[in-house]
Amino acid sequence: MRLSRFFLPILRDTPKDAEIVSHRLMLRAGMIRQEAAGIYAFLPLGMRVLQKVCKIVREEQDRSGAVEMLMPTIQSADLWRESGRYEDYGKEMLRIQDRHERDMLYGPTNEEMITEIFRASVKSYKQLPLNLYHIQWKFRDEVRPRFGVYRSREFLMKDAYSFDIDAAGAKHSYNKMFVAYLRTFARLGLRSIPMQADTGPIGGDLSHEFIILASTGESEVFCHKDYLEFPVPEADVNFDDVGGLEKLIEKWTSLYAATSEKHDAPAFDKIPEARRLSARGIEVGHIFYFGTKYSEPMKATVTGPDGTMKPVHMGSYGIGPTRLVAAIVEACHDDNGIVWPEAVAPFHVGLLNLKQGDSGTDAACEQLYRDFAAKGIDVLYDDTDDRAGAKFATVDLIGLPWQVLVGPKGLAEGKVEVKRRSTGEREMLTPADALKKIAG
RNA sequence: CGGAGUGUAGCGCAGCCUGGUAGCGCACCUGCUUCGGGAGCAGGGGGUCGCAGGUUCGAAUCCUGCCACUCCGACCA
């Protein structure tokens, strides 16, 4: 992509409403624009990151055996009257009426709808287990949206819903998602730590929040340092191995880990002091087993092996991709801007023509641009008339993992400069070597 | 929903108290000079001053109402 033909509205000044670093940087980098309180447009740079996040989320959901679908944003109020939540949900639910004055709502979540879809078609235990997921926009009319897309009213959400014949099956479904989440966040370049979470009125201990560590995170977290070194399950993990998965989850839940709300100071103090980690974190995922809370009132039953009808055991599993983009920025930035993990970077490399209009640099850039494209590398080619300094500042701000700086100075010796955004490391290489280093 | 604020050019702000031709910096356009870490000079474009009433010869400025947005708290992926 040539920057001259892209849409990258960089802001030099920080908008005053942006309080936290991810909000500031996302606005400055031209990733998002606020359209109303808690409602944001994703501009091209932001959309690229969002799509990469979704792609990884999707791949790991698929790997675990979940099946993608898409439910609508607008739902009928009748569905929510069945579960009793239409009255309970409160003002966070955006209620609307269509032209026939039928009560509708913009979905804040989808348990009711997925249960309706399930019960319409699934009648036998033989069709279980089943895990259906979708990635869709949701709306929760928060009293006070803030922090940009980190806590917005409209947000993208991956929701998976599992269906099993009994609690034991549901536990295995839960474990699958647990592993999928560990892998998802690791692939996004983040270290996530599963922490015991509140299960609300349902009770039980089957709920975990996945927290990533970031110095600017909003909640205080306490855990055993060993979590930072636990190996993340490999891509070839066998999701059908019930016992194997159970052991994995046991290990990942064996040590102390809690957010401040659930913090148990005496338990934390039992950890050897050198292994205690007290830090700040951001919640990026939440998994939950809720049994028959919806299947009973909504009559989502299947026939079991013994011929009797049983309500299915369900769980739901959320990841907020839009929040995740902000969380990644919180975790990955420095004074000059964003430092994208390679897996989600909007472009892999920024190619800077330091003297646009100079025949030598123009030709070298055009050649490199073609060479990167031929290797399938996403490159943003800054072919604008801006001065070198402005280009440096911009490419640092938008955080592309690699920078290739092409100027007359280097070219005089047949070299271009390759800079790694994350470390600041630079080296002078021939264009061919630069290509090899970055594209492999 | 309680408390506190702010609305003036794309962004950041001054002007308002004490009414009198709407300003500054950045960004944008033109030209010249520059050109490896957000250039300099000169010229230029862009505003129903959040909206609606009211007071006044005259309102960005004073009064009333409304709307939007932000911050603190409670709530939350």
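Keep in mind that the numbers below use all heavy atoms, side chains included, and drop hydrogens, waters and symmetry copies. Just so we're on the same page: letters track the sequence lines, and every chain starts at 1.
For residues 42-78 of chain A, there are no ring-ring contact (aromatic ring centres under 6.0 Å, His included) pairs, not counting sequence neighbours. For the ring-ring contact (aromatic ring centres under 6.0 Å, His included) condition, the pairs that include at least one residue of residues 63-87 of chain A, sequence neighbours left out, are A:Trp80-A:Tyr89. Note on residues 339-368 of chain A: pairs passing salt bridge (charged side-chain N to carboxylate O under 4.0 Å, His left out), not counting sequence neighbours, are A:Arg2-A:Glu366, A:Glu342-A:Arg420.
The aromatic rings of A:Phe147 and A:Tyr150 are tilted relative to each other, their planes meeting at an angle between 30° and 60°.
For the side chain to side chain contact (heavy atoms under 4.5 Å, CB included) test, residues two or more places apart in sequence or in another chain that qualify with A:Arg24 are A:Thr14, A:Ala18, A:Val21. Applying the ring-ring contact (aromatic ring centres under 6.0 Å, His included) rule to A:Phe222 yields the partners A:His263, A:Phe268; only residues at least two apart in sequence or on another chain are considered. Applying the ring-ring contact (aromatic ring centres under 6.0 Å, His included) rule to A:Tyr294 yields the partners A:Phe290; only residues at least two apart in sequence or on another chain are considered. Residues meeting the side chain to side chain contact (heavy atoms under 4.5 Å, CB included) test with A:Leu255, sequence neighbours left out: A:His224, A:Asp226, A:Tyr227, A:Phe230.
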Footprint string (nucleotides 36-44 of chain B, 5' to 3'): B base within contact, S backbone only, - free, heavy atoms under 4.0 Å: BBBB-----

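Under the side chain to side chain donor-acceptor pair (under 3.5 Å) test applied with A:Ser162, the options A:Tyr133, A:Tyr317, A:Tyr289 reduce to a single match, A:Tyr317.
The CG atom of A:Asp362 sits 17 Å away from the P atom of B:C35 (whole-angstrom rounding). Rounded to whole angstrom, the span from the CD1 atom of A:Ile287 across to the P atom of B:A77 amounts to 14 Å. Computed from coordinates, the A:Asp385 CG to B:C35 P distance equals 16 Å when rounded to whole Å. A straight line from CG of A:Asp358 to C1' of B:C35 spans 11 Å, rounded to a whole angstrom. Whole-Å rounding puts the A:Glu111 CD to B:A77 P distance at 11 Å. What separates CG of A:Leu27 from C1' of B:G10 is a distance of 13 Å, to the nearest Å. Here the C1' atom of nucleotide B:C76 and the CZ atom of A:Phe139 are 14 Å apart, to the nearest Å.
Spacing between B:A9 and B:G47 at atom P, rounded to whole Å, works out to 11 Å. B:G53 and B:U6: their P atoms are spaced 25 Å apart (whole Å). The gap from the P atom of B:G15 to that of B:U34 amounts to 41 Å, rounded to the nearest Å.
For residues 179-186 of chain A, proximity to RNA chain B is found at no residue, defined as any non-hydrogen atom under 4.0 angstrom from a strand atom. For RNA chain B, the residues of residues 82-92 of chain A within the heavy-atom distance limit of 4.0 Å (strictly under) are A:Lys91, A:Glu92, sorted by number.
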For residues 30-37 of chain A, which side-chain N or O atoms pair as donor and acceptor with protein atoms under 3.5 Å away, sequence neighbours left out?
residue	atom	partner	partner atom	Å
A:Gln34	OE1	A:Tyr40	OH	3.2
A:Gln34	NE2	A:Ala36	O	3.3

Enumerate donor-acceptor pairs with a distance under 3.5 Å from any side-chain N or O in residues 43-53 of chain A to protein atoms, sequence neighbours excluded.
residue	atom	partner	partner atom	Å
A:Arg48	NH1	A:Pro346	O	2.9
A:Lys52	NZ	A:Ala345	O	3.1

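Nearer the 5' end of RNA chain B, as judged by each residue's closest nucleotide, is the contact made by A:Lys16, out of A:Lys16 and A:Arg146.
The side chain of A:Glu19 approaches B:C71 more closely than any other nucleotide in the set B:A77, B:C69, B:C71.
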